[in-house]
**Student:** 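Have a look at the structure that comes next, please.
Position 1 is the first residue of the sequence; numbering continues from there. Indexing begins at 1, ligand by ligand and atom by atom, following the structure's order.
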Amino acid sequence: MKAYLTTDVTGDLKQDITELLVAYQYSNVASHSIQVAEEAERLCIRYGLPKEWGYTAGLLHDISVIIPNEERVALCQSYQMVVCEAEKKIPMILHQRLSKLMAVECFQIENKEITGAIECHTTLRANPTTLDLILFIADKIQWDQADSPPYLAGLLLALETSLESAALYFINWMFAQGVLVKHTWAVEAQLWLEHKFV
Ligand SMILES: [Fe+2]
Ligand SMILES: [Fe+2]
């Protein structure tokens with residue numbers, strides 16, 4: 001993983017991730033990551049978690065965008081990770097798991113709350129932690145497209161009820177769009193969240 005770094009890591013995480021992403025021509029992802037970090041920080045304060053957890057997870061959640069799509073499956077397999085059919089079909093989904101690896105190996109993040117939330121920020125997972133939910137939702141509120149997300153009003157309304165309610169709102173919206181493949185973790189997260197509200 002360290003082979004992907006362009007300069008030494010200084011320990012100033014915001015500066016380090018910005019320099020790295022800009023070096024790979026991903027300044028848009030750098031801006032998005034800072035916005036997600038600030039959103040996740042706000043949600044951590046609202047839900048009683050250390051704000052640094054949300055901020056760190058937000059800065060690093062998309063860091064593996066610098067790894068080319070065609071390298072992702074083989075790279076994961078070199079770490080003995082089992083790659084599912086959905087991930088083989090759409091290697092972009094693997095960026096959540098590769099960002100976790102980069103957080104650990106390149107940025108020495110050992111806090112498992114943080115690395116766990118990075119690992120499932122695209123799909124969520126069953127029985128999510130509060131930080132899993134916060135990063136998942138912060139990423140959707142601060143999405144990386146130019147326009148305002150079509151689901152935003154509904155998501156924010158659901159967030160008035162709970163993090164779980166907002167997460168379920170988004171997963172239902174995503175599946176209703178007719179996604180190419182349904183990742184197992186997202187299906188399991190949806191089931192888990194639905195049962196929570198029965
Ligand atoms: Fe992402
Ligand atoms: Fe993101």
**Student:** Under 2.8 Å from the Fe ion (ligand 1) - does any N, O or S atom of H61 fall there?
**Tutor:**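 Checking H61: none of its N, O or S atoms is under 2.8 Å.
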
**Student:** Are D16 and T10 linked by a side-chain donor-acceptor pair shorter than 3.5 Å?
**Tutor:**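 Per modelled atom types, D16 and T10 side chains form a pair under 3.5 Å.
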
**Student:** Which atom, among the N/O/S set of D139, is closest to the Fe ion (ligand 2)?
**Tutor:**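 It is OD1, the N, O or S atom of D139 closest to the Fe ion (ligand 2).
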
**Student:** Nearest to the Fe ion (ligand 2), which N, O or S atom of D62 do we find?
**Tutor:**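 When I compare the N, O and S atoms of D62, OD2 is nearest to the Fe ion (ligand 2).
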
**Student:** Taking 2.8 Å as the cut-off, does H121 contribute an N, O or S atom near the Fe ion (ligand 2), distance below it?
**Tutor:**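 Not a single backbone or side-chain N, O or S atom of H121 is under 2.8 Å from the Fe ion (ligand 2).
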
**Student:** Is the distance between the ring centroids of F136 and F170 less than 6.0 Å?
**Tutor:**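 When the ring centroids of F136 and F170 are compared, they turn out to be within the sub-6.0 Å range.
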
**Student:** Flag the pair E87 and R97 as a salt bridge only when some basic side-chain nitrogen lies within less than 4.0 angstrom of an acidic carboxylate oxygen.
**Tutor:**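 R97 and E87: salt-bridged.
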
**Student:** Using side-chain heavy atoms (C-beta onward) and a distance below 4.5 Å, is H95 in contact with S64?
**Tutor:**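 A side-chain contact under 4.5 Å exists here.
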
